[in-house]
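Side chains are part of it too, since the values below use all heavy atoms of this structure and drop only hydrogens, waters and symmetry mates. Residue numbering restarts at 1 for every chain, and letters A, B, ... go by the order of the sequence lines.
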Protein chains: 2
Amino acid sequence: MRPTVHDIAAEAGVSLATVDRVLNNRPGVRSVTRDKVERAIAALGYVRDVAAANLAKGRTYPLIFILPAGENSFMRGLEAEVRAAMARSAAERTDITILSVPAFDAPALAAALLDAREQRPAGVAVVAVEAPEVAEAVKRLREDGIAVVTLVSDLPGSERDHFAGVDNIAAGRTAGSLMGRFLGGREGPVAVLAGSMLVRDHCERLEGFRAVMSEDFPGRRILPVVEGQDNPALVETLVDTLLDKHRDLAGIYSLGAGNRGLVSALEKAGRAKAICAIAHELTPHSRAALVTGTIDALLNQNAGHEVRSAIRVLKAKADGLSVIAAQERIRIDIFLKDNLPVEQA
Amino acid sequence: MRPTVHDIAAEAGVSLATVDRVLNNRPGVRSVTRDKVERAIAALGYVRDVAAANLAKGRTYPLIFILPAGENSFMRGLEAEVRAAMARSAAERTDITILSVPAFDAPALAAALLDAREQRPAGVAVVAVEAPEVAEAVKRLREDGIAVVTLVSDLPGSERDHFAGVDNIAAGRTAGSLMGRFLGGREGPVAVLAGSMLVRDHCERLEGFRAVMSEDFPGRRILPVVEGQDNPALVETLVDTLLDKHRDLAGIYSLGAGNRGLVSALEKAGRAKAICAIAHELTPHSRAALVTGTIDALLNQNAGHEVRSAIRVLKAKADGLSVIAAQERIRIDIFLKDNLPVEQA
DNA sequence: GAATTTTTGATGTACGTAAATCAAAAATCC
DNA sequence: GGATTTTTGATTTACGTACATCAAAAATTC
């Protein structure tokens, strides 16, 4: 059987109360006694029963998630995952609130962060927009002892505790590698479609993509980036123009959202099969396009994993514990039509 | 606050003892009373506090993992993950034992299963070899009320409770898709290297690979399968022969283990860059080969996920609970040199 | 060495559930 | 309607930890 506090008390020859004082860093223990207890803990290999401890403490973690509003499928999926986590809140001793802010709007985001601060949560998870006022707001939260985790899109240089998201430079590189290889010897330039250069994840994907293209496929011409604001209608118009202007277009890398617009533009023009399209995020729309062949490969970050990781990290930080970075790393999934996960109900 | 058994008792107007009888299916409750309690549970949205319940029960789950012996890197990684789970056993209330059997040896595996049965565990996880005697042994375990999960390689048609592994047909299809696209218009046949056709996972990968090649890339010639027994030395000899015999070889799909042999044969022959190699499982060796470019793509199943899923399922089955299949689905990871996870310490 | 402060022990309650016992009440049978 | 069986209530103990209180013992100070 696994040792308990009683066993430690017996082993160390002290009372239960003293063991408790040592375990929970309560004052009033001589250092010799403390040593005795710590030796007993080490000797028996005692580990606190977290379930029993949480039960006794009855502690809960009030957390706030700040997510962009709008019809972006990925973000709505992310929100669904947060709601799923809310359903588990009883078991996980969390108390989660969702705050919605306009997409790509730094002032609104900063205001929402300060709003969140008023509620004195244990932690805040936020899909960041890169701006000084946002970084400043994050700093204020941290000063109040509120843990802050950036979600999906990071805010480097700020004082956030952790970033729960994928390595977007690697994602861009992967997209570049796939694009280069899929195109093989085929002629023609490649277009890049982003949401907004205000968010870090998009910038990084672009950086990674360009790096691989120039290193490994230097002959391929990359057209200037087009920003679609993650808005399907705008994206469709932009792609219409691209297709019209570049009759020899070989590939499109869509590194943001708004895939619906991309897909309908390609299909409308009858160039879905001819053009190699690589996009991000597995949503019902992008999934369908992958199956029909309009999209050739999808890079995905698992929103569920990201949300669960953010919660784990926030709880740990709120308790002043460190996290095992490797364990919280979010992987980049690559989906072809052949390895799509079965659709969930 | 979340409702407790006391709240249900009050709401239903019965005693705590009666609530307990209903919750734990104990006898001696009239159906009218049972209904009353169940309505109260539904009305209050009561969910059992699993942590508290486990604490009170003090239940542990004795589990046995049966793994193939030998120097197969993937299997050793799998074993390491099982050992990691053993380290967590206190927190998870499991008591895990590992049994090692020779690889691809059905009689030995069947004997090990019956051995495991003698220890009356709550559940057994096994890397299956497909043979009637193995299926028969699994049946005996199930008759004794022992939960059985196949791990990595399945045993379809047997009475196992669950398969914790990837969809290997999809994995083979994915490999085929990548191979076809990476080769593009390049000339030359493709070789296929397996471990043994005695294990289901290898058969299925081959099936998926051949299906995609004939559907999507019908012009490409696929050479007859070569079996390397997951043995690096044997694999190297076989690949030497292949390279010698087919001077125009365009690609190699290695669907089993023994990547070390494949890599050294390719590099020795100076044809590492010219031949498109797709292999399975991320190990230190295959990782290095991916970085240098000898291997072009790696398909991977995350051994840690598989082990943890197997344990969750075994615990649930031991308690007679059902599992959410979608939640236990293991994904197929695709790694290129650009999206390799950072090496862990 | 007496007074004071610090350290330690003993004990009890709480968290939410499981499981058992015994008595009381209600339903069923003849 | 009395005897019997079934159902329900009341109460207790336990799981492993947290946390509080009060008294006793030990160490420190003057």
Side-chain angles (χ1 to χ4, degrees), chain A residues 1-41 44-61 88-95 319-321, chain B residues 1-41 44-61 89-95 318-321:
Chain A
M1 267 316 274
R2 129 182 218 195
T4 73
V5 279
H6 294 85
D7 300 321
I8 300 177
E11 172 83 11
V14 300
S15 76
L16 221 54
T18 302
V19 174
D20 178 69
R21 288 178 187 119
V22 173
L23 279 175
N24 296 292
N25 293 309
R26 284 184 240 281
V29 186
R30 273 190 305 163
S31 58
V32 267
T33 316
R34 189 174 289 273
D35 281 359
K36 253 198 314 195
V37 174
E38 274 162 1
R39 272 200 304 277
I41 290 174
L44 297 181
Y46 169 82
V47 270
R48 195 193 299 258
D49 183 325
V50 190
N54 284 339
L55 180 59
K57 276 199 283 226
R59 185 198 202 313
T60 59
Y61 300 81
R88 290 191 306 271
S89 64
E92 297 179 352
R93 316 199 102 78
T94 54
D95 177 13
D319 287 340
L321 305 174
Chain B
M1 268 318 273
R2 125 182 224 197
T4 74
V5 280
H6 293 86
D7 300 322
I8 299 177
E11 172 83 13
V14 300
S15 77
L16 220 54
T18 302
V19 174
D20 178 70
R21 288 177 186 118
V22 173
L23 280 175
N24 296 291
N25 293 310
R26 286 183 239 279
V29 185
R30 275 188 305 162
S31 59
V32 267
T33 316
R34 190 172 288 275
D35 282 358
K36 251 197 316 194
V37 174
E38 274 162 0
R39 272 200 304 278
I41 290 174
L44 296 182
Y46 169 82
V47 271
R48 195 197 232 93
D49 183 325
V50 189
N54 285 339
L55 180 60
K57 276 199 282 227
R59 186 197 202 314
T60 59
Y61 301 81
S89 64
E92 297 179 351
R93 315 198 104 77
T94 54
D95 177 13
D319 287 340
L321 305 174

Below 3.5 Å between N/O atoms, which protein atoms pair up with nucleotides 13-16 of chain D? Just atom names and distances, please.
residue: D/dC15; atom: O2; partner: B/Ala56; partner atom: N; Å: 3.2
residue: D/dG16; atom: N2; partner: A/Ala52; partner atom: O; Å: 3.3

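The shortest side-chain heavy-atom distance between B/Val5 and B/Arg48 does not fall under the 4.5 Å cut-off. Looking at B/Leu23 and B/Ile41, their side chains come closer than 4.5 Å, going by heavy atoms from C-beta outward. Counting heavy atoms from C-beta outward, B/Val14 and B/Val19 have side chains that approach closer than 4.5 Å. Residues B/Asp49 and A/Leu55 form a side-chain contact, since some pair of their non-hydrogen atoms from C-beta on lies under 4.5 Å apart. Between A/Arg34 and A/Arg30 there is no side-chain heavy-atom pair separated by less than 4.5 Å.
Residue-to-nucleotide proximity on DNA chain D shows that, of A/Val50 and B/Val32, the 5′-proximal contact is made by B/Val32.
Taking atom CZ on B/Arg26 and atom P on C/dT17, their separation rounds to 13 Å, with Å as the unit. Distance, B/Asn54 CG to D/dT17 P: 15 Å, rounded to whole Å. In this structure, CG of A/Asp20 is placed 16 Å from P of C/dT7, rounded to the nearest angstrom.
Annotation: cation-pi geometry satisfied between B/Arg59 and B/Tyr61 (NZ/CZ under 6.0 angstrom from ring centroid, within 45° of ring axis).
Among D/dG9, C/dT7, D/dT21, the nucleotide with an atom closest to any side-chain atom of B/Arg21 is D/dG9.
A/Asn24 comes within 4.0 angstrom of sugar-phosphate atoms only, judged by non-hydrogen atoms across all strands, and of no base.
If you check residues 8-16 of chain B against DNA chain D, the residues with a heavy atom closer than 4.0 Å are B/Gly13, B/Val14, B/Ser15, listed by number.
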Working note: B/Ile8 + B/Val37, criterion side chain to side chain contact (heavy atoms under 4.5 Å, CB included); need CA distance, chi angles, decisive distance, verdict. CA-CA 7 Å; B/Ile8 299 177; B/Val37 174; 4.1 Å; yes
Steps toward side chain to side chain contact (heavy atoms under 4.5 Å, CB included) verdict (B/Leu44, B/Arg39): CA-CA 9 Å; B/Leu44 296 182; B/Arg39 272 200 304 278; over 6 Å; no
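Within the structure, a side-chain polar atom (N or O) of A/Arg30 is placed less than 4.0 Å from OP1 or OP2 of D/dA27.
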